[in-house]
Structures are given as C-alpha cells and as structure tokens.
**Student:** 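Next up is a structure, given as structure tokens.
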Amino acid sequence: MASDTSKPRVHHPATVDEAIALCWELDGQYLAGGTWIMRGIARGHVAPAYIALDGVAALARFSQVADGDEAKLWVGARVTHARLAADLDHPIGRIQFGALQQAAAQSAFTQVRNVATIGGNVAVRGFPDADLVPALIALDAVVEVVSVTDGSVRMPVAEYVSERGRLAPEALVTGFEILAPTYQRSGFARLTVRKGGEYPIVNAAAMIDESGVRAPRLVIGAVQELPVRCTEAEALLGLGLPDEEMIVAAARRAGAATVGRQSLEAPGWYRSAVAPTAVAAALRACLPANRGENHEH
C-alpha cells in the first residue's frame, strides 16, 4: 500500500534543546495546542515537519513564589489557558495577577481553553485577537525565547510581539516571568460578537498600584494589528486607586487613540467605538469594591 505522503511528519523531542535543533534542521513548525496551526493545515498550508512539544516537560512548569512584598510568577509556554486560569484562582492570583487570570478564564470557548497554550497565544503571528497578550503587557511580563542562533534571550512581551517576525525561525518561547508587588492590582475585559470562534472585537488589560508608587498601565488589544499601550490615558488616572470620573475619562482617551482594523467580525470604526467600554471594565475589575473584597492589608 502506498504511503500517505500528504500526512505531516511529526517529531517528539524530550527537551528544549532537542526541539529547537529539530526545528532548525528540518525547517519545522512547533506544535502545542494546535488551535491555530490546524486552521492552516485544513487550508493546505502544511509545514515540512512539525515539532510536537507535548513531551517537553520543562515547558509545562508553573510556579509562584512569594518574596517579601513581591510575588514572582513563572508560566511555562505549554501551560494551557484552562490550567492558567485554575492555578491563578486564589487571592494573590485573582488580584495581583488578575488580568492574566481573567484573560485565560474568558478566552474563546471551554474546548479551546483546554488545549490552547500561553506560548502559542503569544508566539503566533497574524492573530491580533489574542487575549493573553494585552494582559501580559499590562503586567510588564518578560518572555524567555531560546534558539540555536541566539541562545537564551529574555525581553518584555511588548518588545517580543513587535519583533517576533524578525527572530530566528527556530526561536521557541519557553516561558514567562512576572513580578507583582503586594499593592499591584490588575483586571481584564473583552467584548465579542457571537460568531467567528468567539474572537474579541476588543480586549483590554489594566494594572494599577494602589500604593501610588508606580504609574498605571493600560493596554488595548484586538482593535489594531498589535496591542496598543495607552500612555495618554494612563496619565489621566493619576497614582493610586482611580475614581469613576478618572476611569471614564481615561477610557475615552484610550479609545480615541486607536484606529480600528477591518475584519469579518467587526468594522474598524466599531472596534474603536466600543474600546472605551472594555477599558473602563478592565479598570473597574482592578478595584476592591468591585471584587467584594475587604480593603485592608
């Protein structure tokens, strides 16, 4: 019987070094959750080889360490959205890392969250709807990338997203590190239309420091091709916990700074028009009163 030459070749490395070496040698493509890659294969876009990452244990590591007034989070690239949402479902995770926990819990559908990985959500190109990216940028997360060409490199997620198309073809995202001071609070919100795989037409992430030491961070995703850091809107929030008037003003300013992209899900003007709603919701999700918390330390 003739072999099926159209079937993709899939390799199963056990370590990161093996994975990047195979990808480099075979001009391959990494395969984890497969929620994006399978769309391409279904359309006839088949890579010369696929490097399955399910056997690389190091990529599934998740750890949270409290160090004085700061919590340090490491999330391996193979951690799924569902696991991330569940593992951060505790007081520190829901508050200090709240934007990431909420983004993971709300993204797409349950079936997708069960297999989609944080590494894939950040590394995939041509997917401006990624929910975890604005959350990671708002939390000032650092991504680790390993390649044969450049070795191990760490950079802010915002820098990686803008530069990923120029990295070595075999570059592999291995994980993310986030530092969160005790007084950091963050939130996330998304708006969707009931079609197209439940992609957001806008998502937003916010970080505020209720101690008033650090400036707030606001990031809008899905509206443009890349996430937008809303620095002018941030300036309207001041330091510490913002009041409702500040939130409304900052949300309007953030939306006005965007130029919405056209897509089948929504026209560009509509994305920009509803962006303030998502930004305001993300900011309100940071506030203790909206979480039913006892506002004491």
Side-chain angles (χ1 to χ4, degrees), residues 1-61 75-84 107-109 111-133 136 143-153 155 157 159-176 196-199 221-222 225-227 263-264:
M1 180 182 294
S3 62
D4 181 6
T5 56
S6 65
K7 185 177 180 179
R9 291 183 296 156
V10 181
H11 300 263
H12 295 270
T15 68
V16 169
D17 287 344
E18 288 179 32
I20 62 174
L22 281 168
C23 192
W24 185 70
E25 293 167 7
L26 303 175
D27 189 25
Q29 189 170 5
Y30 295 116
L31 174 63
T35 56
W36 185 257
I37 285 178
M38 291 305 162
R39 292 167 61 93
I41 293 177
R43 291 170 171 78
H45 305 301
V46 181
Y50 291 93
I51 317 303
L53 302 174
D54 55 318
V56 185
L59 299 179
R61 182 168 68 89
V75 184
R78 199 158 60 81
V79 172
T80 65
H81 293 209
R83 180 185 167 195
L84 182 59
S107 64
F109 302 114
Q111 297 91 327
V112 173
R113 292 194 290 270
N114 286 338
V115 294
T117 64
I118 184 172
N121 197 244
V122 175
V124 67
R125 303 173 193 173
F127 182 51
D129 307 292
D131 282 310
L132 302 191
V133 175
L136 288 165
V143 59
E144 180 181 74
V145 185
V146 181
S147 66
V148 174
T149 308
D150 301 313
S152 177
V153 177
M155 66 186 78
V157 169
E159 179 182 340
Y160 171 81
V161 169
S162 65
E163 297 292 326
R164 61 191 166 191
R166 290 185 280 273
L167 297 177
E170 80 283 2
L172 173 64
V173 170
T174 58
F176 303 84
E198 204 60 18
Y199 292 150
E225 291 300 324
L226 293 174
S263 75
L264 294 175

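The first residue of the sequence shown is numbered 1, and numbering continues consecutively from there. Values reported hereafter were calculated over all heavy atoms of this structure, with side chains retained and with hydrogens, waters and symmetry mates removed. The shown structure was predicted, so the numbers you read here are calculated from the model rather than taken from an experiment.
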**Student:** Quick check: do H81 and L132 have side-chain heavy atoms less than 4.5 Å from each other?
**Tutor:**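 Result yes, sub-4.5 Å side-chain heavy-atom pair found.
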**Student:** Nearest heavy-atom pair of E144 and S152: which atoms, and what distance?
**Tutor:** OE2-OG, 3.6 Å
**Student:** List the residues meeting side-chain hydrogen bond (donor to acceptor under 3.5 Å, both in side chains) with D54, not counting sequence neighbours, and say none if there are none.
**Tutor:** H12
**Student:** For A19, which residues count as a side chain to side chain contact (heavy atoms under 4.5 Å, CB included) partner, sequence neighbours excluded?
**Tutor:**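 Here the qualifying residues are P13, Y30, I51, L53, L172.
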**Student:** On a heavy-atom basis, which atom in V133 and which in A130 lie closest, and how many Å separate them?
**Tutor:**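 Scanning both residues, the minimum pair turns out to be CG2-CB, 3.8 Å.
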**Student:** At what distance, to the nearest 0.5 angstrom, does CD1 of I20 lie from OG1 of T174?
**Tutor:** 9.5 Å
**Student:** Using 0.5 Å steps for rounding, measure from the NE2 atom of H11 to the OH atom of Y50.
**Tutor:**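 Here the interatomic distance stands at 11.5 Å.
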**Student:** Which residues pass the side-chain hydrogen bond (donor to acceptor under 3.5 Å, both in side chains) test with T149, not counting sequence neighbours?
**Tutor:** E170
**Student:** Does D129 have any side-chain hydrogen bond (donor to acceptor under 3.5 Å, both in side chains) partners at least two apart in sequence or in another chain, and if so, which?
**Tutor:** R261
**Student:** Test of understanding: with salt bridge (charged side-chain N to carboxylate O under 4.0 Å, His left out), list the residues that count as partners of R113, not counting sequence neighbours.
**Tutor:**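 R113: no salt bridge (charged side-chain N to carboxylate O under 4.0 Å, His left out) contacts found.
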**Student:** Could you measure the distance from the CG atom of D131 to the CD1 atom of I118? Nearest 0.5 Å is fine.
**Tutor:** 12.0 Å
**Student:** Quick check for you: to the nearest 0.5 Å, what is the distance between R83 atom CZ and R78 atom CZ?
**Tutor:**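 R83 CZ to R78 CZ: 8.5 Å, rounded to 0.5 Å.
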**Student:** In Å and rounded to the nearest 0.5 Å, what is the CG to OG1 distance from N121 to T80?
**Tutor:** 11.5 Å
**Student:** Indicate the atoms forming the closest heavy-atom contact of Q29 with C23, along with that distance.
**Tutor:** N-SG, 4.3 Å
**Student:** Output all residues satisfying side-chain hydrogen bond (donor to acceptor under 3.5 Å, both in side chains) with E163, sequence neighbours left out; order by chain, then residue number.
**Tutor:** R166
**Student:** What's the shortest heavy-atom distance between V161 and P227, and which atoms?
**Tutor:** CG1-CD, 4.1 Å
**Student:** Short question: side chain of R164, backbone of R125 - any donor-acceptor pair under 3.5 Å?
**Tutor:**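 Between the backbone of R125 and the side chain of R164 there is no qualifying donor-acceptor contact (under 3.5 Å).
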**Student:** Give me the atom names and distance for the closest heavy-atom approach of A77 to T117.
**Tutor:**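 Here A77 and T117 meet closest at O-CB, 3.3 Å.
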**Student:** What's the shortest heavy-atom distance between V173 and A123, and which atoms?
**Tutor:** CG2-CB, 4.1 Å
**Student:** At what distance, to the nearest 0.5 angstrom, does CG of L136 lie from OH of Y160?
**Tutor:** 12.0 Å
